[in-house]
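Structure, as structure tokens:
In each ligand, atom 1 is the first atom listed, and ligand 1 is the first ligand listed. Not measured: the values here are computed from a predicted model.
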Amino acid sequence: MSLETDFIVIGSGVAGLRASIELAASGGRVAVLTKDKASESNTEYAQGGVAVVLSDDDNPELHEGDTLVAGAGLCDEQAVETLVTEGTKYIKQLIEWGGEFDREGGKLVFTQEAAHSRRRIIHAHGDSTGAEFVRSLIARAGQEKTINLTPFANTESLIVRDGRCVGVRFLDPVLRQPREIYAKAVVMATGGAGQLYQHTTNPPVATGDGMAMAYFAGAEMADMEFIQFHPTALNLEKAPRFLLSEAMRGEGGILKNKYGERFMPRYDERAELAPRDIVARSIVAEMRRTGTRTVFLDMTALDEVFLKHRFPKIYETCKFYSLDIAKDMLPVSPASHYCMGGIRTDLWGRSTLPGLYAAGEVTCTGVHGANRLASNSLLEGLVFGARAGAAAAAAADSSELIVLSSESKTEELKTRNSKLGTELATAVKKRVKRIMWERVGILRDKDSLKRAIKEFDQIAAGNLSTSSRNFVTLARLVATSALWREESRGGHYRNDFPEQEDKFKVHSIQRLDTEISAAKSINFSRQVGV
Ligand code: FAD
Ligand code: SIN
């Protein structure tokens with residue numbers, strides 16, 4: 001039997017939780033479906049902090065300026081302005097709701113991260129900022145009686161009727177079978193797709209499902225080629241690529257090669273605090289030059305007591321792997337970290353598919369352009385989660401709840417070219433991840449991308465479960481847009497086109513059954529009111 005509600009939110013990271021709270025304020029029933037336990041998300045693992053204009057020597061123009069520079073010409077200025085101005089309001093609200101950030105003498109402590117012109121990053125429990133976001137937002141959402149959160153509810157596809165998203169197909173964790181749920185609006189908040197790559201800082205849930213679901217349902221995808229690789233993931237055999245926060249370099253950590261030499265000043269005058277893409281590519285160049293698979297993060301010049309207090313989680317995790325961050329050289333290398341591209345949305349989280357809203361890392365709002373400024377993502381989840389929730393709630397009065405009849409359901413299912421199934425086949429996943437790392441990674445070129453696309457087409461020709469089809473399709477979207485963009489900009493670097501080209505100061509747009517195209521602006525509607 002199918003279910004009915006007023007709003008569906010898919011995902012329980014910062015964006016999904018914040019959207020749910022906003023939707024609940026409208027009095028509607030909110031069904032939150034999330035793939036794993038409620039706290040499992042990229043948000044939970046966020047370390048460094050959240051960038052926000054709150055210190056005396058900062059202002060929104062400075063934060064906006066830094067964000068635009070990092071975005072390498074592809075940010076939407078209105079989106080960035082919205083982020084930095086409303087960000088302050090929403091962080092203050094989170095603090096009122098019980099969010100606790102680190103303080104000294106009662107005052108918030110601000111840290112430095114790469115490409116920020118001010119110390120504007122606030123953090124929680126030293127290096128567990130994301131976990132504090134999750135804790136405080138789940139507590140706040142728990143106060144809303146109309147929010148019903150279902151964990152372990154893997155969503156696989158969107159239900160579309162007459163060009164409108166009317167519901168969601170998910171695996172019911174109790175019945176252990178596929179089920180439909182219908183609503184007046186759906187908010188996609190499934191986060192990013194770091195898991196597309198063999199080496200990633202992202203947890204296993206970050207397989208980009210929402211992007212693929214939206215694409216198959218007919219929504220436009222933007223700027224999929226822009227993947228951010230974090231320079232410093234712990235690189236130990238048999239250990240996951242645990243993130244060693246950029247804040248460690250912000251506090252004075254330096255990068256050394258296998259000979260113990262500091263190398264970053266040779267690549268960029270900003271050294272360890274150059275933008276992430278530059279540090280990541282410099283590390284790759286240095287590893288190639290010295291014939292190794294790692295470089296080292298050196299924190300030994302810093303006081304041990306300070307390090308333990310400032311980075312408690314990193315300290316403990318490294319200790320688990322027999323590394324003392326105050327004494328040892330920490331082996332690091334880059335890993336996929338963040339997707340700048342995603343579902344194309346306007347400033348109110350509206351996708352190009354009526355009835356489908358989206359917020360957070362799953363989207364492309366134009367906030368990050370070609371490269372995200374460190375610690376802008378948690379802020380984006382709060383601001384645009386609230387906005388998407390507000391817009392979906394406002395539109396609900398004029399939206400009807402449409403429930404498909406059994407006959408139209410059968411018709412609708414016939415149009416889907418894959419069998420229902422929850423398993424992302426291990427073999428498919430492993431193969432796609434390897435291809436993405438080797439051919440669609442930090443450095444790309446025409447040949448590598450063409451070979452990747454060919455291999456993805458071979459995989460897609462098989463009899464795949466929906467999850468596997470979603471995964472390989474997403475990989476193909478990244479490779480296709482990376483092939484199309486014949487220049488290097490932000491997180492996208494082409495060996496065969498190393499320069500930034502004016503003619504590519506546009507966004508790549510992909511849509512089902514349509515050739516890739518260019519758009520001058522992400523914001524397709526330019527509507528400023530809800
Ligand atoms: P997520 O937090 O990833 O939430 C997505 C949710 O969707 C999850 O609940 C997931 O289970 C669910 N989901 C996924 N697929 C499905 C499906 N098919 N069906 C149902 N549910 C589904 N950003 C910063 O600003 N500051 C930082 O310090 C920082 N540090 C980071 C450190 C690490 C290790 C990582 C990985 C990221 C970091 N980031 C940081 C980035 C930031 O954490 C994320 O971009 C942000 O939290 C994304 O929030 P979100 O709500 O969009 O997605
Ligand atoms: C980090 O702590 O280095 C991650 C910050 C971010 O991704 O914004």
**Asked** To the nearest 0.1 Å, how far is atom 8 (O) of ligand 2 from its closest protein heavy atom, and which atom is that?
**Response** Ser375 N, 2.6 Å

**Prompt:** With backbone taken as N, CA, C and O and side chain as the heavy atoms from C-beta onward, which portion of Leu243 lies under 4.0 Å from ligand 1: side chain, backbone, both, or neither?
**Reply:** side chain

**Request:** List the closest protein heavy-atom neighbour of atom 2 (O) of ligand 2: residue, atom name, distance to the nearest 0.1 Å.
**Result:** Ser245 OG, 2.7 Å

**Message:** Can you confirm, on distance only, whether ligand 2 has an N/O atom lying under 3.5 Å from any N/O atom belonging to Leu244?
**Reply:** no

**Request:** Tell me which part of Glu40 gets within contact of ligand 1: side chain, backbone, both or neither, using heavy atoms under 4.0 Å.
**Result:** backbone

**Message:** Please report whether ligand 1 has a polar contact with Tyr338, defined as an N or O pair separated by less than 3.5 Å (distance criterion only).
**Reply:** no

**Asked** Any N or O on Gly48 sitting closer than 3.5 Å to an N or O of ligand 1?
**Response** yes

**Item:** Atoms of ligand 1, numbered as shown, that sit under 4.0 Å from any heavy atom of Gly360
**Value:** 52 (O)

**Prompt:** For ligand 1, does Ile10 get within less than 4.0 Å through its side chain, its backbone, both, or neither, judged by non-hydrogen atoms?
**Reply:** side chain

**Request:** With atom 31 (C) of ligand 1 as the reference point, say which of Ala46, Ala15, Gly11 has the nearest heavy atom.
**Result:** Ala46

**Request:** Please confirm whether Lys35 comes within less than 3.5 Å of ligand 1 when only nitrogen or oxygen atoms on both sides are compared.
**Result:** yes

**Asked** Leu378 to ligand 1: N or O pair under 3.5 Å?
**Response** yes

**Asked** Going by heavy atoms, is Gly381 under 4.0 Å from ligand 1?
**Response** no

**Prompt:** Would you call Glu380 a ligand 1 contact, heavy-atom distance under 4.0 Å?
**Reply:** no

**Prompt:** Less than 3.5 Å between some nitrogen or oxygen of Asp36 and one of ligand 1, yes or no?
**Reply:** no

**Item:** Sole candidate of Arg387, Glu64, Glu380 that passes side chain to side chain contact (heavy atoms under 4.5 Å, CB included) when paired with Thr82
**Value:** Arg387

**Message:** Could you tell me, atom by atom, which parts of ligand 2 come under 4.0 Å of a heavy atom of Glu246?
**Reply:** 1 (C), 2 (O), 3 (O)

**Prompt:** What part of Asn376, side chain, backbone, both or neither, has a heavy atom within less than 4.0 angstrom of ligand 1?
**Reply:** backbone

**Message:** With respect to Val14, determine whether any N or O atom, backbone or side chain, lies less than 3.5 Å from an N or O atom of ligand 1.
**Reply:** yes

**Message:** If I apply the N/O under 3.5 Å rule, does His230 come out as touching ligand 2?
**Reply:** yes

**Fill in**
Min over Leu33, Thr43, Thr155, Leu137 of heavy-atom distance to atom 50 (P) of ligand 1 lands on Thr43

**Prompt:** Got a salt bridge between Arg118 and Asp58, using NZ or NE/NH1/NH2 to carboxylate O under 4.0 Å?
**Reply:** no

**Asked** So, is Gly49 polar-close to ligand 1, with some N/O to N/O distance under 3.5 Å?
**Response** yes

**Item:** Side chain, backbone, both or neither: Asp209 near ligand 1, heavy atoms under 4.0 Å
**Value:** side chain

**Item:** Shortest protein contact, atom 36 (C) of ligand 1 (heavy atom only)
**Value:** Asn202 ND2, 3.3 Å

**Asked** Would you say the side chain of Phe229 lies within less than 4.5 Å of the side chain of Tyr197, judging by non-hydrogen atoms?
**Response** yes

**Item:** Option with minimal heavy-atom separation from atom 6 (C) of ligand 1, where the choices are Ser128, Ala189, Gly16
**Value:** Ala189

**Top protein contact for atom 6 (C) of ligand 2, by heavy-atom distance** = Arg276 NH2, 3.1 Å

**Complete:** Of Ser377, Ala124, Ala335, the residue with the heavy atom nearest atom 46 (C) of ligand 1 is Ser377

**Item:** Which segment of Arg241 sits under 4.0 Å of ligand 1 when only heavy atoms are counted
**Value:** neither

**Request:** Give a yes/no on ligand 2: does His337 have at least one heavy atom closer than 4.0 angstrom to it?
**Result:** yes

**Contacting atoms of ligand 1, where contact means under 4.0 angstrom from a heavy atom of Gly13** = 2 (O), 4 (O), 6 (C), 9 (O), 51 (O)

**Prompt:** Are His63 and Asn376 close enough that a side-chain donor and a side-chain acceptor fall under 3.5 Å?
**Reply:** yes

**Asked** Any idea which atoms of ligand 1 are less than 4.0 Å away from a heavy-atom of Ala153?
**Response** 19 (N), 20 (C)

**Item:** Close N or O approach (Gln47, ligand 2; < 3.5 Å)
**Value:** no

**Prompt:** Looking at ligand 1, does Gly130 have a heavy atom less than 4.0 Å from it?
**Reply:** no

**Request:** Tell me which part of Gln47 gets within contact of ligand 1: side chain, backbone, both or neither, using heavy atoms under 4.0 Å.
**Result:** backbone

**Request:** Under 4.0 Å from a heavy atom of Arg372: give me the atoms of ligand 1 that qualify, with their elements.
**Result:** 23 (N), 24 (C), 25 (O)

**Request:** Number the atoms of ligand 1 from 1 as they appear, then name those within less than 4.0 Å of a heavy atom of Asn154, with their elements.
**Result:** 17 (C), 18 (N), 19 (N)

